[in-house]
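Everything quoted here is computed from the prediction, not taken from an experiment. Numbers here simply count residues along the sequence, with the first being 1.
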Amino acid sequence: MKKTSTFQNSLIWFGAAVSLAEILTGTSFAPLGMARGIAAIVLGHIIGGVLFFFAGLIGGRTGRSSMETTKMSFGQKGGLLFAFLNVLQLVGWTAIMIYDGALAIDGIFSGSHWVWCAVIGGLIVVWILVGVTNLGWINKISMAALLVLTVVLCYVIFFGRSAGEAASDGSLTFGAAVELAVAMPLSWLPLISDYTREAEKPFAATMASTVTYSLVSCWMYIIGMGAAIYTGESDIAQIMMKAGLGIAALIILVLSTVTTTFLDAWSAGISCESLSKKLAGHGKWVAVIVTLVGIVASILFPMDDITGFLYLIGSVFAPMIAILITDFFILKKDSFSQSFNWLNLAVWLVGFVIYRCLMTVDIIVGYTLVDMLATMLLCLIANAAQKRLAKK
């Protein structure tokens, strides 16, 4: 099987981070002001990046996909719950990304929303059919174009305007901002192993992926925040239009949407392989179907506010990855041969409830970190208690 190089993995996650969704999320940080906003973004990405790294390293060392690694903690059938939830969130992400991309393009270039949805979706299908290990020069050209154009966009926002910085208005707390920063890397946790499992050098590829994604994602957040603070605009398409970027704006919007959404659709296909043996080896075609569903959903349904969706993803997958990290790195335990690991499933449910409860509390470091530490501690206590009962 052809393996991916460390550089290829870096390109994949560069493309994932250069995302319209990340820029739009960054606009929410404007009430904090530039200094506190950057601090919240960096802190959130450090927390999310550490989790991202460990999740990817598990896949790299075991050679298993993200949803196959969950079976190591929850059992063959227990892991299906997370595979199913992951497919649902990936179908949702696919639709959201196509919707956002088409909406932004439509704001600059007059045309029908459904036409841009179809164009973006069609390009995603092309990426899927080419495949992760064969993208090669397509990815290199796309990433080079995105890098140049994003630098231009950054210059337009931070140096092309004379407006002063908006003052902090207190409508967003620092803790809530940290949580929004954690949310994006957290949303990739159920996907990272789908790519590190095919790496030639698992540790190096995972580290490169983590650093690349975290740095570029911070950059995207700061672009969005800067746009809202310095230009008074939260609509990135309008900023591009006023700056006269024209065709460059079209390339940024299309490529950034395609390179990010491709990963969602591709991983949905891989997760479906974990759901049923009948789908084994057909993940590529499932990914195509997921993209088609995303196109239809993006045309039919409004998807303007994704904050609640991000928090739901966090509440499901933060305690899941906490248990997986505890089992793999601390307890050195593997439940892959079991049907269910009921103890870990119970711990996950408690972790899920804790996360939802913490959402009502303002914590300076956000509640993902607190929830994961609580879940890891609970997992260790539960396993120790189980061992004692087994001895008796």
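Leu377 belongs to a hydrophobic cluster whose remaining members, ordered by chain and number, are Ile381; membership requires side-chain heavy atoms of ILVMFWY residues under 4.5 Å apart, directly or through intermediates.
For Ser66, the side chain to side chain contact (heavy atoms under 4.5 Å, CB included) test picks out Ser193, Asp194, with sequence neighbours left out. With sequence neighbours excluded, the residues forming a side chain to side chain contact (heavy atoms under 4.5 Å, CB included) with Thr326 are Ile330, Leu331, Met376, Cys379, Leu380, listed by chain and number. With sequence neighbours excluded, the residues that form a ring pair (Phe, Tyr, Trp, His ring centres under 6.0 Å) with Phe329 are Phe54. Under the ring pair (Phe, Tyr, Trp, His ring centres under 6.0 Å) criterion, Tyr311 pairs with no residue, sequence neighbours left out. Partners of Glu68 according to the salt bridge (charged side-chain N to carboxylate O under 4.0 Å, His left out) rule, which considers only residues two or more places apart in sequence or in another chain, are Lys71. Considering only residues two or more places apart in sequence or on other chains, Asp334 meets the side-chain hydrogen bond (donor to acceptor under 3.5 Å, both in side chains) condition with none of them. Listed by chain and residue number, nothing satisfies the ring pair (Phe, Tyr, Trp, His ring centres under 6.0 Å) test with Trp285 (two or more places apart in sequence, or in another chain).
Sorted by first and then second residue, the ring-ring contact (aromatic ring centres under 6.0 Å, His included) pairs involving residues 372-392 (not counting sequence neighbours) form an empty list. Each ring-ring contact (aromatic ring centres under 6.0 Å, His included) pair with one or both residues in residues 367-392, not counting sequence neighbours, appears once here: Tyr355-Tyr367.
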Would you check, one step at a time, whether the test side chain to side chain contact (heavy atoms under 4.5 Å, CB included) holds for Thr6 with Glu200?
-> CA-CA 7 Å; Thr6 300; Glu200 291 172 346; over 6 Å; no

Output a table of donor-acceptor pairs, distance under 3.5 Å, between side-chain atoms of residues 41-53 and any protein atom two or more places apart or on a different chain; print 'none' if there are none.
from, atom 1, to, atom 2, distance (Å)
His45, ND1, Ile41, O, 2.8
His45, NE2, Ser217, OG, 2.6

Could you go through residues 76-93 and list every donor-acceptor pair under 3.5 Å that involves a side-chain atom there, pairing it with any protein atom two or more places apart or in another chain?
from, atom 1, to, atom 2, distance (Å)
Gln76, NE2, Phe336, O, 2.8
Asn86, OD1, Gln89, NE2, 2.9
Asn86, ND2, Pro190, O, 3.4
Asn86, ND2, Ser271, OG, 2.8
Gln89, OE1, Trp93, NE1, 3.2

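When all heavy atoms of Ala265 and Ala287 are compared, the pair lying nearest together is O-CB, 3.1 Å.
A parallel orientation is assigned to the rings of Phe340 and Trp342, their planes being inclined by less than 30° (bins at 30° and 60°).
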